[in-house]
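We name chains A, B, ... by the order of the sequence lines, and we start the count at 1 in each one. The shown structure was predicted, so the numbers you read here are calculated from the model rather than taken from an experiment.
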Amino acid sequence: MYDINPHRENAYKLLHDGILALTRVEQAGIRIDLEYTRNMKLRLTRMIDRLEKEFKNTKFYRRWEHTTGKKINIGSNPQLAHYLYDVIGLKTERITETGQYSTDEESLISLNIPELNSLLRIRKLKKVRDTYLDAFEREQVDEYIHPFFNLHLVTTYRSSSDSPNFQNIPKRDEEAMQICRRALYPRPGHQFLEVDFKGIEVGISTCYHKDPTMLRYLRNPASDMHADMARQIFVIDKIDKSLTSHYTLRQAAKNGFVFPEFYGDYYKNCAMNLCGWVKLPQERWRKGQGIELPGRAISDHLIEKGIESYSSFEEHLKKIENDFWEKRFPEYAKWKERWWKIYRRYGYIDLLTGFRCSGIMSKNDVTNYPVQGAAFHCLLWTLIQVDKVMKEEGLDSRIVNQIHDSMLIDLNPTELNHIIRVINGIVREDLPTHWKWIIVPMQVDMEISPVDESWAEKKEMKVKEEFV
DNA sequence: GGAACTCGCCAC
DNA sequence: AAACGTGGCGAGTTCC
């Protein structure tokens, strides 16, 4: 009786059309180079065997084996944790979900034991072999992989993918990226076209809270929110993105402060994060520490500005956080409070796309779910329209993957210009017409790889504005 | 011998 | 007062 939601019909239609379009994506599939995949698995196995043999010859391993008294499994984290933390009595700051000392990468590095680095190397190679290459080979049929895309599993009404999961193939780590994506190809004579929504989650959150400052940032291409925050956080007059160090400061502000704050993190975590980005220690700072700015190290710069230690940086960031929510984006902050109140009163929240989230949610959930969900729905709606054009016009190009705010097209090169125009028309005009609540510009970035080259290949070109 | 759990790690 | 969200999956381990 409380389930009165005027947008339910539209929400249903999106899932209905979405599942049909995604079925066509599954059916199309991605081509795999089977010979490469099998050879690379063998190579990785040889590398892993050699590294394990070397590891077993170290003093560290011998002591571990000796004190344990029985056979050790190198891949067992509980065994490793027992030896490191219970037997030798080492300590780490990092604690797992269940309260145990952690053996993750950060913990092991912080212990400063050289032998553990080869253990981390083994871990990484095994991950690539067992999670990705193995799954590709297992799931392929006639040298095509057909991953599933689900619309019924995720709390926020995003999608998920499995068998194999095509939404978490390595990208940031260059080596892992190369090994995994080198296995995946477009159809013969085709190339990959990658289409990504530009800052979609920030845009969608603004459709909810309508903060005037954020609206100005999004509507004015010359403005730069992350550069402004970098200036404030690092006490710098001007950010010159062409300088490597300034570019790093901007990235740090974006990924170490702005986004975490949007998602509900707070200044203490951000301070730690930011120090990682600029390589400053969590103690009193000395001259010549951290990344190099033009002319001097960042510690010299910050000390001159009166921020002389990690703890005073934390205090500095506390003030910036207050300013961020009280002065810079007050309407955004008020929206967060409003929605928390609504959830406590009614027990649910409705997305702009008509979906309803109910059940137990934290304060952060209440403001993150609607953004995450509706942002994905922009991609899904776009995918449906693009797929429809491809089908109705009998195009040879096919959508073959989808990752929350992006889609991958297996492109017939002769259809490039047409498809770029179609996509831009749908994203910039049709989408905001379809959903009147979209009050910010909608845009996509496009990247294209060379014909007959794998997904690992460097992008041959960014599709330029004037090309539209 | 399989289900269910923990941990770590990949993506957005 | 609390302290960033969503998934999938492999290996090791424990439970029944």
A:F257 ring center within less than 6.0 Å of A:Y267 ring center: no
Non-hydrogen side-chain atoms of A:Y217 and A:R328 separated by less than 4.5 Å: yes
Close approaches to DNA chain C from residues 357-382 of chain A, in residue order (heavy atom, under 4.0 Å): A:N364, A:D365, A:N368, A:Y369, A:Q372
Residues A:E174 and A:R182 bridged, charged N to O under 4.0 Å: no
Between A:W335 and A:Y208, ring centroids under 6.0 Å: yes
Basic-acidic side-chain contact under 4.0 Å: A:K341, A:E337: no
Per-pair stack call A:Y263 and C:dG5, 5.5 Å, 30°: no
NZ/NE/NH1/NH2 to OD/OE distance under 4.0 Å, A:R181 and A:E457: no
Atom-pair distance (NZ on A:K254; P on B:dC12), nearest Å: 12 Å
Proximal nucleotide (of C:dC9, C:dT6, C:dG12) relative to the A:N73 side chain: C:dG12
is_close_aromatic(A:F355, A:H377), centroid dist under 6.0 Å: yes
Residue whose nearest DNA chain C nucleotide is more 5′ - A:R138 or A:Y267: A:Y267
Terminal axis angle for the helix from B:dG1-C:dC16 to B:dC12-C:dG5, five pairs an end, nearest 10 degrees: 0°
Atom of A:P186, atom of A:D410 and distance for their closest heavy-atom approach: CA-OD2, 3.4 Å
Distance test, side-chain N/O of A:S76 to OP1/OP2 of C:dT13, below 4.0 Å: yes
Pairwise distance CH2(A:W437) to CG(A:L351) - rounded to 0.5 angstrom: 8.5 Å
Sugar-phosphate only, base, or nothing, as touched by A:E261 at under 4.0 Å among non-hydrogen atoms: nothing
N/O to N/O distances under 3.5 Å, protein versus nucleotides 7-11 of chain B:
residue	atom	partner	partner atom	Å
B:dC7	OP1	A:T96	OG1	2.9
B:dC7	OP1	A:T98	OG1	2.3
B:dC7	OP2	A:T98	N	3.4
B:dC7	OP2	A:T98	OG1	2.8
B:dG8	OP1	A:S102	OG	3.4
B:dG8	OP1	A:T103	N	2.4
B:dG8	OP1	A:T103	OG1	2.6
B:dG8	OP1	A:D104	N	3.3
B:dG8	OP2	A:S102	OG	3.4
B:dG8	O3'	A:R123	NH1	3.4
B:dC9	OP1	A:R123	NH1	3.0
B:dC9	OP2	A:E105	N	3.4
B:dC9	O2	A:K127	NZ	3.0
B:dC10	O4'	A:Y132	OH	3.3
B:dC10	O2	A:N168	ND2	2.7
B:dA11	OP1	A:K171	N	2.5
B:dA11	OP1	A:R172	N	2.9
B:dA11	OP2	A:R172	NH1	3.3

Side-chain N or O of A:S160 closer than 4.0 Å to phosphate OP1/OP2 of C:dT6: no
Aromatic ring proximity A:Y83/A:F60, centre distance under 6.0 Å: yes
A:E194/A:S406 under side chain to side chain donor-acceptor pair (under 3.5 Å): CA gap, chis, key distance, verdict: CA-CA 7 Å; A:E194 230 174 308; A:S406 74; 5.2 Å; no
